[in-house]
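What follows is a short report on a single structure.
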Amino acid sequence: MQDNESNTAKSSGGHSFNQQLNKLMSQLLTENKIDNFRKEPRYNYPSKKQKQFSPDGEITLLDGRIIIYDNTTTVRHDRLKQKLWDAYGIKEHFKSQDILIQYYVVVPDEMIEKEVKNFLREKAKLNNSEYYSTIDDIITIRELLKIIVN
């Protein structure tokens, strides 16, 4: 019973975080700080019809660059493996149109100690030249905002 309650709380927290990011992106769009925002877009692999890759958001910056993001409140290795697959497929989708994108996993600014350790461990992997990843970085909301504004 306790696991079920814990899973419900985690799901609620994830949904709330997703809503927070959607609201923030909509606000940036209204303030003309970004050119476009699409929540939960879907993409197909080049030459395939099925739209099987689904991140949490697509942001078009004022200079035309595209940022795709997936958000998560838990930075576990198995969770990131799922996001790596989406990042790969989405980058291939855009590459087939000669468009380079940036793909980020976004985490809350504030995390519990266990999640901070996971975040730092997984982020270090991405920065290791011997590790292959289609995710450009794992960043906080604050870091995402800096990328958008700069």
task = Kindly determine whether Arg79 and Asp70 satisfy salt bridge (charged side-chain N to carboxylate O under 4.0 Å, His left out), including the steps that lead there.
result = CA-CA 11 Å; Arg79 177 78 47 96; Asp70 246 324; over 6 Å; no

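- To the nearest 0.5 Å, the span separating CD on Glu113 from CG on Asn118 amounts to 11.0 Å.
- Hydrophobic cluster membership is shared by Phe94 and Trp85, with clusters built from Ile, Leu, Val, Met, Phe, Trp and Tyr side chains linked at under 4.5 angstrom.
- Within the 4.5 Å cutoff, the side chain of Tyr131 has heavy atoms near those of the Lys125 side chain.
- If you take CD on Gln52 and CD on Gln50, they are separated by 6.5 Å, rounding to the nearest 0.5 Å.
- A distance of 11.0 Å separates OG in Ser133 from CG in Asn128, rounded to the nearest 0.5 Å.
- A distance of 10.0 Å separates CG in Leu61 from CG in Leu28, rounded to the nearest 0.5 Å.
- By the neighbour-count criterion of 12 heavy atoms within 6.0 Å, atom CD of Gln97 is densely surrounded, having more than that number from other residues, nucleotides or ligands.
- In terms of modelled atom types and a separation under 3.5 Å, the side chain of Lys91 and the main chain of Thr134 share a donor-acceptor contact.
- Linking Ile, Leu, Val, Met, Phe, Trp and Tyr whenever their side-chain heavy atoms come within less than 4.5 Å puts Leu120 and Met111 in one cluster.
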message = Before you tell me yes or no, could you show the steps for Phe53 and Tyr88 under ring pair (Phe, Tyr, Trp, His ring centres under 6.0 Å), namely the whole-Å CA-CA distance, both residues' side-chain angles and the distance that decides it to 0.1 Å?
response = CA-CA 9 Å; Phe53 305 105; Tyr88 169 77; 7.5 Å; no

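- Nearest heavy atoms, Pro46 versus Glu92: CG-O, 3.2 Å.
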key: Worked verdict on Arg142 versus Glu110 for salt bridge (charged side-chain N to carboxylate O under 4.0 Å, His left out)   = CA-CA 10 Å; Arg142 272 189 221 112; Glu110 306 296 325; 3.4 Å; yes

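- For the residue pair Glu143 and Thr140, the shortest heavy atom distance occurs at OE1-N, 2.7 Å.
- To the nearest 0.5 Å, the span separating OG1 on Thr30 from CZ on Phe37 amounts to 11.0 Å.
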inquiry  = Applying side chain to side chain donor-acceptor pair (under 3.5 Å) to Tyr69 and Glu58, what does each step give before you reach the verdict?
reply    = CA-CA 6 Å; Tyr69 72 86; Glu58 175 189 304; over 6 Å; no

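- Residues Leu126 and Ile138 share a closest heavy-atom pair of CD1-CG1, 3.5 Å.
- No side-chain donor-acceptor contact under 3.5 Å links His93 to the backbone of Tyr45.
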inquiry  = Quick one, Ile139 with Val105, criterion side chain to side chain contact (heavy atoms under 4.5 Å, CB included). Give me CA distance, side-chain angles, the key distance, then yes/no.
reply    = CA-CA 6 Å; Ile139 58 177; Val105 172; over 6 Å; no

Evaluation steps, side chain to side chain contact (heavy atoms under 4.5 Å, CB included), between Ile135 and Lys83 = CA-CA 8 Å; Ile135 294 171; Lys83 295 182 184 311; 4.2 Å; yes

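- The pair Lys123-Asp137 meets the salt-bridge criterion, with a side-chain N (NZ, NE, NH1 or NH2) lying under 4.0 Å from an Asp/Glu carboxylate O.
- Taking each heavy atom of Asn71 and Asp56 in turn, the nearest pair found is N-OD2, 2.8 Å.
- Cluster membership for Ile59 and Ile101, using ILVMFWY side-chain heavy atoms within less than 4.5 angstrom, is not shared.
- Using a 4.5 Å heavy-atom cutoff, the side chains of Val107 and Ile141 are not in contact.
- In this structure, Thr72 OG1 and Arg76 CZ are separated by 7.5 Å, a value rounded to the nearest 0.5 Å.
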message = Is there a side chain to side chain contact (heavy atoms under 4.5 Å, CB included) between Asp86 and Tyr103? Walk through the geometry before answering.
response = CA-CA 10 Å; Asp86 273 345; Tyr103 193 101; 3.6 Å; yes

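- Ile112 and Val75 end up in different hydrophobic clusters when Ile, Leu, Val, Met, Phe, Trp and Tyr side chains are linked at under 4.5 Å.
- A heavy-atom distance below 4.5 Å is not found between the side chains of Met25 and Asn22.
- At least one side-chain heavy atom of Asn36 sits under 4.5 Å from a side-chain heavy atom of Arg38.
- Using a 4.5 Å heavy-atom threshold, the side chains of Ile68 and Gln102 count as separate.
- Between Lys23 and Gln19, every side-chain heavy-atom pair lies at or beyond the 4.5 Å cut-off.
- Residue Pro108 comes nearest to Phe17 through the heavy atom pair N-CZ, 3.4 Å, listed as atom of the first residue, atom of the second, then distance.
- Tracing side-chain contacts under 4.5 Å through hydrophobic residues (I, L, V, M, F, W, Y), one never reaches Val149 starting from Ile147; they form parts of separate clusters.
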task = Start with the C-alpha distance between Thr74 and Glu115, add both sets of side-chain angles, then the distance that settles side chain to side chain donor-acceptor pair (under 3.5 Å), and finish with yes or no.
result = CA-CA 6 Å; Thr74 178; Glu115 290 306 328; 3.1 Å; yes

ask   = Between Ile66 and Leu100, is a side chain to side chain contact (heavy atoms under 4.5 Å, CB included) present by the stated rule, with each step listed?
value = CA-CA 8 Å; Ile66 296 173; Leu100 293 177; over 6 Å; no

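- Between Pro55 and Tyr43, some side-chain heavy-atom pair lies under the 4.5 Å cut-off.
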